[in-house]
There are 2 protein chains.
Amino acid sequence: MTEQPGPSARQIVEKVWLSIAERRLRPGIQLKEEQLAAIFNVSRARIRQALTVLERDGLVTIIPNRGAFVSKPSVEEARDVFFVRRTVERCVVERLCQSVNKADLRRLRDHVAKERVANAADVTSDIIKLSGGFHLLLAETVGSDFLFTTMRDLIARSSLITAVYRNTNRFNCGPDEHEEIVEAIAAKDAKKATHLMAHHLEHVESELDLSEIRDLSHDLRAALA
Amino acid sequence: MTEQPGPSARQIVEKVWLSIAERRLRPGIQLKEEQLAAIFNVSRARIRQALTVLERDGLVTIIPNRGAFVSKPSVEEARDVFFVRRTVERCVVERLCQSVNKADLRRLRDHVAKERVANAADVTSDIIKLSGGFHLLLAETVGSDFLFTTMRDLIARSSLITAVYRNTNRFNCGPDEHEEIVEAIAAKDAKKATHLMAHHLEHVESELDLSEIRDLSHDLRAALA
DNA sequence: ACCCCCGATATTGCTGACAATTATGCAACC
DNA sequence: GGTTGCATAATTGTCAGCAATATCGGGGGT
């Protein structure tokens with residue numbers, strides 16, 4: 001049995017990113033270096049690298065000599081993220097209406113189908129993962145790497161925002177609205193597609209309560225498992 | 001005489017970012033950790049942190065066990081960056097036409113004036129710095145932090161792209177086109193402003209030769225001084 | 001002359017230990 | 001009872017040294 005080298009810094013970032021995007025890591029909790037090092041079975045140096053990148057991405061906030069905490073976006077930041085999403089995703093669907101091919105549409109419809117299954121089975125973690133993944137898949141389909149990376153950031157931050165400010169019990173981003181958007185894109189109806197996307201984002205944002213801040217604590221090891 | 005603690009990792013990132021944006025650090029050159037540590041008078045660990053962040057920003061490429069190099073964007077990436085700039089900056093000027101106030105306009109006009117001075121004096125480094133700064137100032141004026149950060153990335157990458165693929169001797173991004181854009185915004189003429197911006201970006205992109213790749217070497221210490 | 005192999009050198013990647021800073025618990029005091 | 005001050009513990013920030021890996025040069029073979 002050779003000793004495993006452990007995950008790379010990039011893989012750790014990925015894992016934590018996913019845990020945040022899926023809301024298993026709640027805003028406000030501290031990410032202690034030693035703890036993470038033990039969980040991932042790597043040295044603190046690598047954890048440090050990962051945390052530095054995550055801070056750059058806005059997912060964690062590092063307070064000098066205090067530690068790294070999962071970010072609690074302010075109301076202002078929340079509105080900012082949704083503002084940018086409205087403009088970026090509008091651009092995404094416009095572009096898609098011009099350039100989608102059959103393979104793209106197949107992937108998009110497959111994804112919506114998966115969402116439908118997850119909703120029917122009521123598996124919360126899958127629902128969260130897939131509904132964020134839909135928007136990500138749209139950006140990926142455009143073919144611009146920069147756009148994709150930007151959307152990654154936006155989706156992760158949106159997850160944080162939803163975790164802090166969600167008002168309703170039900171999870172938004174249902175597959176119905178997603179399906180409508182896909183079909184509008186399939187019909188190459190840019191006007192309808194952008195309109196549906198705008199409506200969808202408004203809908204998501206409207207389910208947030210942007211006045212109250214909840215404080216949450218959570219078990220770290222379980223969230224990363 | 002107490003020992004200086006040296007610049008923080010963030011400050012190092014800033015310094016290298018600026019050196020790249022101003023094209024004093026050319027694409028392809030290797031950033032050796034020991035060398036940087038000596039220049040900034042800090043330990044290698046802090047240099048490592050800075051390089052990790054710069055890699056995440058796409059400005060340097062880290063090859064495992066080889067080192068960190070200033071990125072050489074591919075033709076594909078170049079087109080991608082300009083594609084995103086067209087859409088993002090269009091959104092920026094649209095937004096500005098709705099929300100500029102007199103203080104904003106004053107700052108913008110001041111900036112253009114500075115560009116004009118630099119052009120008249122023919123100080124190349126100032127010209128580069130200010131012409132990128134204009135686009136950054138536009139994004140900042142919108143008031144969205146996310147948008148500003150995104151434009152930072154785009155401008156830095158654009159600088160890299162220009163350094164690699166610039167065809168003409170003259171520096172693009174002259175103050176005339178910038179001034180026209182500012183005045184269109186001042187007149188709240190969104191149609192004209194977006195049109196001018198699109199034209200401006202097309203102009204900049206058209207001065208690139210997206211088929212040839214030049215190899216450059218450079219003196220590291222001089223560039224960072 | 002060209003190519004392959006191999007040792008020397010340089011650079012990165014990592015680990016562990018140490019210093020600096022902050023949070024915490026406890027006792028004394030107002 | 002609440003607050004202040006201090007000692008302790010926990011956590012982060014930093015550093016120097018070591019191991020691993022890639023580059024470069026020379027030597028030998030074909």
Side-chain angles (χ1 to χ4, degrees), chain A residues 1-16 25 28-57 59-72 215 217-221 223-224, chain B residues 1-16 25 27-57 59-72 215-221 223-224:
Chain A
M1 289 287 284
T2 66
E3 188 66 24
Q4 296 267 13
S8 72
R10 189 173 292 262
Q11 287 172 313
I12 294 171
V13 170
E14 203 65 21
K15 199 108 179 169
V16 177
L25 278 175
I29 90 171
Q30 182 171 11
L31 302 172
K32 297 178 186 175
E33 297 181 353
E34 217 168 333
Q35 206 174 351
L36 290 171
I39 292 173
F40 287 111
N41 201 30
V42 297
S43 71
R44 266 183 55 212
R46 214 178 286 184
I47 295 294
R48 223 155 210 306
Q49 275 191 16
L51 289 177
T52 303
V53 172
L54 286 166
E55 189 211 15
R56 185 67 167 175
D57 289 353
L59 293 187
V60 312
T61 303
I62 293 179
I63 305 175
N65 292 321
R66 284 277 315 275
F69 304 81
V70 177
S71 293
K72 271 189 196 174
D215 210 328
S217 68
H218 202 66
D219 182 55
L220 177 59
R221 185 176 294 268
L224 286 169
Chain B
M1 290 285 283
T2 65
E3 188 67 23
Q4 298 267 12
S8 72
R10 188 174 295 259
Q11 287 172 313
I12 295 172
V13 169
E14 204 64 23
K15 199 110 179 166
V16 177
L25 277 176
I29 89 172
Q30 183 171 9
L31 301 172
K32 297 180 185 176
E33 298 181 354
E34 217 168 333
Q35 207 173 351
L36 290 171
I39 292 172
F40 288 111
N41 201 32
V42 297
S43 72
R44 270 181 52 213
R46 214 178 287 184
I47 295 295
R48 220 152 216 303
Q49 275 191 17
L51 289 177
T52 302
V53 172
L54 287 167
E55 190 211 13
R56 179 66 178 85
D57 288 353
L59 293 187
V60 311
T61 303
I62 293 180
I63 305 175
N65 292 321
R66 284 277 313 274
F69 303 82
V70 177
S71 293
K72 270 191 197 174
D215 209 328
L216 309 165
S217 70
H218 202 65
D219 181 58
L220 177 59
R221 184 177 296 267
L224 287 168

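Order of the sequence lines sets the chain letters (A, B, ...), proteins ahead of strands, with each chain counted from 1.
Look at CG on B/N65: it is 8 Å from P on C/dC14, rounded to the nearest Å. Straight-line distance from the CD atom of A/E34 to the P atom of D/dT12: 8 Å, rounded to whole Å. Whole-Å rounding puts the A/I47 CD1 to D/dG13 C1' distance at 16 Å. Between the CG atom of A/L51 and the P atom of D/dT12 there is a distance of 9 Å, given to the nearest Å. Atom pair A/R44:CZ and C/dC14:C1' shows a separation of 13 Å (rounding to whole Å applied). The distance from atom CD of A/E33 to atom C1' of C/dT15 is 15 Å, rounded to the nearest whole Å. Atom pair B/L31:CG and C/dT12:C1' shows a separation of 14 Å (rounding to whole Å applied).
Shown here for A/V53 and B/R56, the closest heavy-atom pair between the two residues is CG1-CD, 3.6 Å. Between B/V60 and B/S71, the closest heavy-atom pair is C-OG, 3.2 Å. Residues A/K72 and A/G28 approach most closely at CE-CA, 3.8 Å, considering heavy atoms.
In terms of phosphate contacts, B/R48 brings no side-chain nitrogen or oxygen within less than 4.0 Å of OP1 or OP2 of C/dT12. In this structure, B/R46 reaches the D/dT14 phosphate: one of its side-chain N or O atoms is under 4.0 Å from OP1 or OP2. Contact check, A/S43 against C/dT15: a side-chain N or O comes under 4.0 Å of OP1 or OP2.
Note that the CD1 atom of A/I62 and the CG atom of A/L31 stand 9.5 Å from one another [nearest 0.5 Å].
Not a single donor-acceptor pair, N or O on each side, falls under 3.5 Å between the base of D/dG13 and the side chain of A/R66.
Proximity note for B/Q30 (side chain, C-beta onward) versus C/dG13, C/dT11, D/dT12: the nearest is C/dT11.
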